[in-house]
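Only one structure is covered here, and it is reproduced in the block below.
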Amino acid sequence: MRRRFKGIAMSSLAQKLTEIMEQAFSALELPKENARVQVSGQVEAAQFQCNGAMPSAKIARKNPREIAQNIIDQVKHIEIFEDISIGGPGFINITLTDTYITEHLKSLLKDVRFGIPSVEQGQNIVLDYGGPNIAKAMHVGHLRSSIIGDSLRRMCLHAGYNAIGDVHMGDWGSPMGMILSELELMNFDGDITMEMLAEIYPKASNACKEDKARMALARAATHKLQNGDESYTKLWREFIDVSIVGMKKNFDALGVHFDEWKGESDAHPFIDDMVKDLRSKNIAIDSEGALIVPVAQDSDKKELPPLMLLKSDGAVLYGTTDLATIIERKQSHNPSKIIYVVDQRQALHFEQVFRAARKSGIAPEDKIELIHAGFGTMNGSDGKPFKTRAGGVMRLEELISMAIEKAQSRLNEAELAKDMDKAERASVAHKVAIAAVKFADLQNNRSADYIFDIDRMTSFEGKTGPYLLYQAVRIQSLLRKAHVQGDIICEEFKITDGDRSLALLLSELPDHFASAMKHYTPHLLCDYAFKLAQEFSSFYGNCHILSEKDEALKLSRLALCQQTHKQLSLMLEMLGIEIPARM
RNA sequence: GCGCCCUUAGCUCAACUGGAUAGAGCACCUGCCUUCUAAGCAGGGGGUUACAGGUUCGAUUCCUGUAGGGCGUACCA
């Protein structure tokens with residue numbers, strides 16, 4: 001019987017137990033869906049639990065404890081259970097033998113994917129994140145989209161997809177016309193700089209808000225640009241390039257990567273044909289002078305406004321470019337999925353775009369999955385969208401340099417840094433700072449609003465990025481001292497009471513990864529990484545490693561350390577956080 | 001008006017198809033640098049999960065209502 005379960009592909013212990021339970025449930029003609037085994041919420045009582053007896057009891061009209069006993073009778077002969085018993089109203093509590101745990105661990109050590117399955121090759125996923133606007137200085141509000149999007153991209157890569165990150169700049173709407181018309185009013189002639197743009201744009205934007213005639217100028221300029229006016233296009237290209245240089249500086253500092261630097265303008269060549277096509281198919285219709293795609297359905301509870309393709313003045317809108325961008329992406333990547341990492345407040349907009357894409361056949365349901373992975377708003381301590389005292393929003397550069405400064409001074413106090421040269425110190429300070437900022441943001445649930453707290457973002461103690469780095473660095477130091485080279489192979493794996501909980505935790509990775517992938521939530525990886533770091537730190541404090549006399553135990557512990565380090569490295573890699581050699 | 005989301009410890013946040021005694025970090029209190037990095041470890045106090053009902057063996061989670069907050073709602077992006 002035992003051999004039967006040995007062939008199961010590498011996965012988490014909970015998954016393996018679930019498969020065993022499913023067989024037992026099936027044999028008893030109970031619903032298999034109830035068989036799921038999870039890590040026990042009661043660590044003292046058991047390692048794992050299965051709650052399926054209770055809901056099954058209702059269907060079978062039997063006492064839940066009796067059902068639980070039937071299930072246990074089905075599986076108890078399998079030699080992997082140290083203990084399997086009923087708790088409370090019908091929980092099935094499971095504790096595994098150390099032999100089985102170590103067997104699992106040995107196979108885990110040999111698996112470069114840590115039990116994470118790989119999807120079939122050749123599937124492209126486009127991720128749309130960052131979304132900075134031209135001519136605007138990047139502020140802390142850009143943090144979430146960039147960091148979450150980049151992390152999701154890294155997760156997709158690790159899952160085996162061909163993930164393509166696109167920055168999708170805001171380079172085509174009416175702000176462009178505002179800037180162009182402003183430059184014209186200034187009779188501008190010379191080199192454009194980022195500082196200048198950052199000054200011009202808000203000025204022009206305000207002027208347009210207050211003055212209708214000024215707005216008309218901007219509209220005309222937008223129109224001219226979108227119709228391919230040569231001199232406007234040249235000028236536009238110029239300040240786009242200047243802006244990109246500024247963006248790259250910020251993204252580089254953050255360690256956020258993009259495979260493509262496209263923008264809304266890249267969808268422009270597709271708009272005309274798209275509009276014609278939708279009009280001819282009667283999917284787009286005229287309404288109140290504008291061209292719209294109705295997307296409301298009878299089953300809707302709420303009123304769903306149509307997606308507007310053309311304004312009454314003929315100009316294109318945000319939704320138009322978003323729809324055309326899908327066509328552009330289909331042509332360049334033929335993706336099976338597009339993930340938009342954009343503010344949650346735009347949920348309705350994406351609902352409209354997605355529906356229009358379905359209805360028009362641009363993105364058939366069975367061909368392209370469209371996901372809006374929205375994120376919550378970054379609020380100030382007053383619960384309102386974050387603003388500094390001056391009324392503006394803190395610049396991204398400012399946040400980063402504050403964090404670096406703090407890391408630098410923390411490093412200067414440290415004994416260890418005395419023999420670091422200046423370059424190493426700078427590099428370590430940068431890595432620590434970025435780890436702090438990114439982890440502080442990523443550990444929040446993606447879809448929930450959260451409060452921007454500068455102290456929290458630049459904190460290095462407790463549940464922070466630097467804490468994770470610190471644990472990883474400690475292991476590196478340990479492995480160096482043990483002269484470990486390459487992968488540790490441990491034939492006689494030994495665990496004691498002090499090692500068991502770390503060993504069990506290491507088997508959970510596939511579950512957390514799967515969950516994070518399913519919901520597009522990096523914070524689940526943060527949680528697991530932190531738990532792992534904490535568990536390791538406890539293990540490190542309680543167990544001898546290098547000084548362990550029992551050679552087999554010492555080797556086992558070193559293997560645990562190495563595995564912990566590998567998993568931490570992977571988690572941090574997927575979160576976009578780099579580990580220094582020491583700190 | 002209609003719709004969506006939120007309310008969990010002093011603060012900031014978790015809680016996997018509803019599961020057992022709701023978890024972390026910060027702050028506060030007590031210990032620990034003569035074992036491998038104290039950005040650390042061990043331990044303590046701190047909760048009517050906004051409120052009132054309902055469904056259920058079991059509710060922070062699902063349903064209804066109330067209060068408070070945020071957001072969206074065809075010519076911005």
Side-chain angles (χ1 to χ4, degrees), chain A residues 14 33-34 36 38-42 44-45 49 51 54-55 57-58 64 87-91 93 131 133 170 172-175 205 264 287-292 300-308 310-313 315 317-319 321-322 343-349 352 374 376-377 379 381 383-385 407 410-411 413-416 432 436 440 443-445 447-451 453 455-456 459-464 466-467 469-471 473-474 476-478 481-482 511-512 514-515 518-519 523-524 526-527 530-531 534 537-538 540-548 561 582-583:
Chain A
E33 307 79 65
N34 290 342
R36 195 167 71 100
Q38 56 187 306
V39 171
S40 173
Q42 298 221 302
E44 309 81 24
Q49 65 182 77
N51 308 332
M54 290 170 289
K58 204 174 289 178
F91 295 101
N93 284 328
N133 290 320
W172 201 239
S174 48
S205 171
E264 292 168 345
S287 170
E288 294 172 36
L291 186 69
I292 61 162
D300 286 342
K301 267 189 160 180
K302 58 189 172 188
E303 219 178 305
L304 211 78
L307 181 77
M308 185 173 289
L310 297 178
K311 299 202 288 184
S312 41
D313 68 359
L317 290 111
Y318 184 36
T321 51
D322 267 355
D343 196 316
Q344 189 63 50
R345 286 175 292 190
Q346 294 186 32
L348 181 59
H349 165 77
Q352 292 170 311
T377 313
N379 289 330
S381 48
K384 301 239 169 82
R410 177 79 183 73
L411 209 52
E413 293 162 18
E415 190 68 22
L416 189 91
V432 168
Q443 69 170 300
N444 296 301
N445 185 345
S447 57
D449 291 353
Y450 82 102
I451 295 185
D453 179 350
D455 292 330
R456 184 179 179 221
S459 165
F460 305 150
E461 276 138 44
K463 190 175 181 180
T464 64
Y467 174 88
L469 297 186
Y470 183 67
Q471 302 309 339
V473 161
R474 277 172 138 183
Q476 285 163 189
S477 163
L478 210 51
K481 285 193 172 143
D511 296 333
H512 298 286
S515 199
K518 185 177 171 193
H519 305 288
H523 88 275
L524 295 177
C526 291
D527 241 36
F530 178 65
K531 234 188 277 172
Q534 233 178 1
S537 196
S538 176
Y540 181 87
N542 294 327
C543 294
H544 294 225
I545 300 167
L546 296 178
S547 56
E548 175 56 51
C561 289
R582 50 184 188 158
M583 65 184 272

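Within every chain, numbering begins at 1; the chains are lettered A, B, ... in the order of the sequence lines, protein sequences first and strands thereafter.
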Taking the [atom1] atom of each, how far is [N] from [M], in whole Å?
{"N": "B/rA15", "M": "B/rA50", "atom1": "P", "value": "15 Å"}
{"N": "B/rU17", "M": "B/rU12", "atom1": "C1'", "value": "29 Å"}
{"N": "B/rU60", "M": "B/rU7", "atom1": "P", "value": "14 Å"}
{"N": "B/rG19", "M": "B/rU64", "atom1": "C1'", "value": "24 Å"}
{"N": "B/rU61", "M": "B/rC5", "atom1": "P", "value": "15 Å"}
{"N": "B/rA59", "M": "B/rU49", "atom1": "C1'", "value": "11 Å"}
{"N": "B/rA67", "M": "B/rA20", "atom1": "P", "value": "33 Å"}
{"N": "B/rA22", "M": "B/rA9", "atom1": "P", "value": "14 Å"}

Looking at [N], I'd like to know if its phosphate oxygens (OP1 or OP2) sit under 4.0 Å from a side-chain N or O belonging to [X].
{"X": "A/Y318", "N": "B/rA74", "value": "no"}
{"X": "A/K481", "N": "B/rU37", "value": "yes"}
{"X": "A/H523", "N": "B/rA15", "value": "yes"}
{"X": "A/R410", "N": "B/rA39", "value": "yes"}
{"X": "A/S174", "N": "B/rC76", "value": "no"}

[X] near the nucleic acid: base, sugar-phosphate alone, or nothing, with a heavy-atom cut-off under 4.0 Å?
{"X": "A/Q38", "answer": "base"}
{"X": "A/L416", "answer": "base"}
{"X": "A/L411", "answer": "base"}
{"X": "A/P55", "answer": "base"}
{"X": "A/I451", "answer": "sugar-phosphate"}

Any N or O donor-acceptor pair under 3.5 Å from the base of B/rU12 to the side chain of A/R456?
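A donor-acceptor contact between them is absent.
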So, does the side chain of A/N93 form a donor-acceptor pair with the base of B/rA20 at under 3.5 Å?
yes
[X] has a side chain; which of [options] sits nearest to it?
{"X": "A/Q42", "options": "B/rA74, B/rG25, B/rA20", "answer": "B/rA20"}
{"X": "A/Y467", "options": "B/rA74, B/rC41, B/rU37", "answer": "B/rC41"}
{"X": "A/N133", "options": "B/rA77, B/rA74, B/rA39", "answer": "B/rA77"}
{"X": "A/L317", "options": "B/rC76, B/rC36, B/rU73", "answer": "B/rC76"}
{"X": "A/L348", "options": "B/rG72, B/rA14, B/rA74", "answer": "B/rG72"}
{"X": "A/R474", "options": "B/rC36, B/rC76, B/rG40", "answer": "B/rG40"}
{"X": "A/P89", "options": "B/rC57, B/rA74, B/rU37", "answer": "B/rC57"}
{"X": "A/D527", "options": "B/rA14, B/rG40, B/rU73", "answer": "B/rA14"}
{"X": "A/Y450", "options": "B/rG72, B/rC13, B/rC36", "answer": "B/rC13"}
{"X": "A/K58", "options": "B/rA74, B/rA24, B/rG58", "answer": "B/rG58"}

For [N], give its Watson-Crick or G-U wobble partner with both distances under 3.5 Å, or none.
{"N": "B/rA39", "answer": "none"}
{"N": "B/rG65", "answer": "B/rC51"}
{"N": "B/rC16", "answer": "none"}
{"N": "B/rC4", "answer": "B/rG70"}
{"N": "B/rC26", "answer": "B/rG10"}
{"N": "B/rU21", "answer": "none"}

Could you list, one pair per line, each protein nitrogen or oxygen that sits under 3.5 Å from a nitrogen or oxygen of nucleotides 27-29 of chain B, together with the distance?
none

Using whole Å, what does the distance between atom [atom2] of nucleotide [N] and atom [atom1] of [X] come to?
{"X": "A/Q443", "N": "B/rA15", "atom1": "CD", "atom2": "P", "answer": "12 Å"}
{"X": "A/M54", "N": "B/rA20", "atom1": "CE", "atom2": "P", "answer": "9 Å"}
{"X": "A/H512", "N": "B/rA15", "atom1": "NE2", "atom2": "P", "answer": "12 Å"}
{"X": "A/E264", "N": "B/rC76", "atom1": "CD", "atom2": "P", "answer": "14 Å"}
{"X": "A/K463", "N": "B/rC26", "atom1": "NZ", "atom2": "C1'", "answer": "12 Å"}
{"X": "A/R582", "N": "B/rU37", "atom1": "CZ", "atom2": "P", "answer": "12 Å"}
{"X": "A/N445", "N": "B/rG25", "atom1": "CG", "atom2": "C1'", "answer": "17 Å"}
{"X": "A/Y540", "N": "B/rC32", "atom1": "OH", "atom2": "C1'", "answer": "15 Å"}

Between A/R345 and A/D449, does the salt bridge (Lys or Arg N to Asp or Glu O under 4.0 Å) criterion hold? Intermediate values first, please.
CA-CA 11 Å; A/R345 286 175 292 190; A/D449 291 353; over 6 Å; no
How long is the gap from [atom1] on [X] to [atom2] on [Y], to the nearest 0.5 Å?
{"X": "A/I292", "Y": "A/L317", "atom1": "CD1", "atom2": "CG", "value": "12.5 Å"}
{"X": "A/T377", "Y": "A/I451", "atom1": "OG1", "atom2": "CD1", "value": "11.5 Å"}
{"X": "A/T464", "Y": "A/Y470", "atom1": "OG1", "atom2": "OH", "value": "12.0 Å"}

Enter syn or anti for the glycosidic conformation of B/rC41, syn applying to angles within 90° of 0.
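For B/rC41, whose glycosidic angle is more than 90° from 0, the conformation is anti.
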Starting from the 5' end of RNA chain B, give me the residue, A/S287 or A/S40, whose nearest nucleotide shows up first.
A/S40
Using heavy atoms to find the nearest nucleotide of RNA chain B for A/S459 and A/P175 separately, return the residue whose nucleotide is more 5′.
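Its nearest nucleotide being more 5', the pick is A/S459.
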Please indicate whether A/E415 has more than 12 foreign heavy atoms, meaning atoms of other residues, nucleotides or ligands, lying under 6.0 Å from its CD.
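Not more than 12 within 6.0 Å, no.
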With a 4.5 Å limit on heavy-atom distance, are the side chains of A/Q476 and A/M583 in contact?
no
List every contact pair, protein side and nucleotides 42-44 of chain B side both N or O, where the distance is under 3.5 Å.
residue	atom	partner	partner atom	Å
B/rA42	OP1	A/S538	OG	3.0

Face-to-face stacking of A/F91 with B/rA20, centres under 5.5 angstrom, angle under 30°
yes
Without swapping roles, check the side chain of A/Q49 against the backbone of A/F91 for a donor-acceptor pair under 3.5 Å.
no
Applying side chain to side chain contact (heavy atoms under 4.5 Å, CB included) to A/D527 and A/K463, what does each step give before you reach the verdict?
CA-CA 9 Å; A/D527 241 36; A/K463 190 175 181 180; 2.9 Å; yes
Considering residues at least two apart in sequence or located in another chain, which fulfil the side-chain hydrogen bond (donor to acceptor under 3.5 Å, both in side chains) criterion with A/Q346?
A/Y318
